[in-house]
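Structure record follows, encoded as structure tokens.
Heavy-atom basis, side chains included; hydrogens, waters and symmetry copies ignored.
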Amino acid sequence: QVQLVESGGGLVQPGGSLRLSCAASGSILLIYTMAWYRQAPGKQRELVAAITSGNSTNYADSVKGRFTISRDNAKNTVYLQMNSLKPEDTAVYYCKALIVPRDTSYAREYWGQGTQVTVSS
């Protein structure tokens with residue numbers, strides 16, 4: 001059974017930094033695109049950043065220049081380095097990955113359980 005587990009959230013002051021991690025575990029054959037989404041109270045879930053298996057990246061305009069997504073394929077892990085955090089970055093952050101499990105021949109999306117990021121003084 002494949003699962004994603006996030007870590008690294010917490011409370012940080014404006015201007016501070018946090019690093020989120022999301023590790024995929026289980027019987028995995030391949031991992032394609034990995035991504036981070038966030039959902040603030042009363043708002044829809046939105047894409048923050050994504051990275052392909054070839055390390056191409058894209059970012060939401062609101063985080064460009066402040067957030068960096070990266071991945072370690074040997075560890076099946078994706079990271080989100082968040083710098084210069086603002087109160088409007090407060091949200092639950094979720095990772096998503098497109099994974100081919102070993103017992104199938106097709107890819108499907110998996111989501112983590114989410115980790116809270118709060119930016120406040």
Donor-acceptor pair, [X] side chain versus [Y] backbone, under 3.5 Å?
{"X": "R71", "Y": "T33", "result": "no"}
{"X": "E6", "Y": "C95", "result": "yes"}
{"X": "T77", "Y": "K75", "result": "yes"}
{"X": "T90", "Y": "V119", "result": "yes"}

Inset, instruction - Using the six-membered ring of Y110, assess whether NZ or CZ of R108 lies under 6.0 Å from its centre and within 45 degrees of the ring axis. - result: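 Yes, R108 and Y110 form such a contact.
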Inset, instruction - With R45 as the cation and Y94 as the aromatic partner, state whether NZ or CZ is under 6.0 Å from the six-membered ring centre and within 45° of the axis. - result: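 Yes, a cation-pi geometry holds between R45 and Y94.
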Minimal non-hydrogen separation, [X] against [Y], with atom names:
{"X": "Q116", "Y": "A91", "value": "NE2-O, 3.4 Å"}
{"X": "I31", "Y": "A24", "value": "CD1-CB, 4.0 Å"}
{"X": "N83", "Y": "S17", "value": "OD1-OG, 2.9 Å"}
{"X": "V100", "Y": "S105", "value": "CG1-C, 4.3 Å"}

Legend entry - Pair S120-L11, side-chain contact (heavy atoms from CB on, under 4.5 Å): steps then yes or no: CA-CA 7 Å; S120 175; L11 173 64; 4.2 Å; yes
Sub-4.5 Å side-chain heavy-atom contact between [X] and [Y]:
{"X": "Y59", "Y": "V48", "result": "no"}
{"X": "T115", "Y": "V92", "result": "no"}
{"X": "Y93", "Y": "M82", "result": "yes"}
{"X": "N58", "Y": "L47", "result": "yes"}
{"X": "T68", "Y": "R19", "result": "no"}
{"X": "S27", "Y": "D103", "result": "no"}
{"X": "I28", "Y": "N76", "result": "yes"}
{"X": "L4", "Y": "I99", "result": "yes"}

Inset, instruction - Would you please indicate yes or no on a ring centroid separation below 6.0 angstrom for F67 and W36? - result: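 So the answer is no for these two rings.
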Legend entry - salt bridge (charged side-chain N to carboxylate O under 4.0 Å, His left out) assessment of K86 paired with D89: CA-CA 5 Å; K86 305 175 181 180; D89 295 318; over 6 Å; no
Gap separating the [atom1] atom of [X] from the [atom2] atom of [Y], nearest 0.5 angstrom:
{"X": "S121", "Y": "Q13", "atom1": "OG", "atom2": "CD", "result": "7.0 Å"}
{"X": "I51", "Y": "S56", "atom1": "CD1", "atom2": "OG", "result": "8.0 Å"}
{"X": "M34", "Y": "C22", "atom1": "CE", "atom2": "SG", "result": "5.5 Å"}

Legend entry - Heavy atoms of other groups near E88 CD, more than 12 under 6.0 Å: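 Yes - once you tally the heavy atoms of other residues, nucleotides and ligands closer than 6.0 Å, there are more than 12.
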Inset, instruction - Could you check Y37 against E46 for side-chain contact (heavy atoms from CB on, under 4.5 Å), going step by step and ending with a plain yes or no? - result: CA-CA 5 Å; Y37 286 73; E46 63 175 357; 5.8 Å; no
Legend entry - ILVMFWY cluster, L80 and V117 together (side-chain gap under 4.5 Å):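 Shared cluster, yes.
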Inset, instruction - In sequence, state the C-alpha distance, the side-chain angles, and the governing distance for T118 and V12, and then conclude on side-chain contact (heavy atoms from CB on, under 4.5 Å). - result: CA-CA 6 Å; T118 302; V12 63; over 6 Å; no
Inset, instruction - Let me see the working for V78 and I69 under side-chain contact (heavy atoms from CB on, under 4.5 Å), right down to the final yes or no. - result: CA-CA 7 Å; V78 62; I69 189 170; 3.8 Å; yes
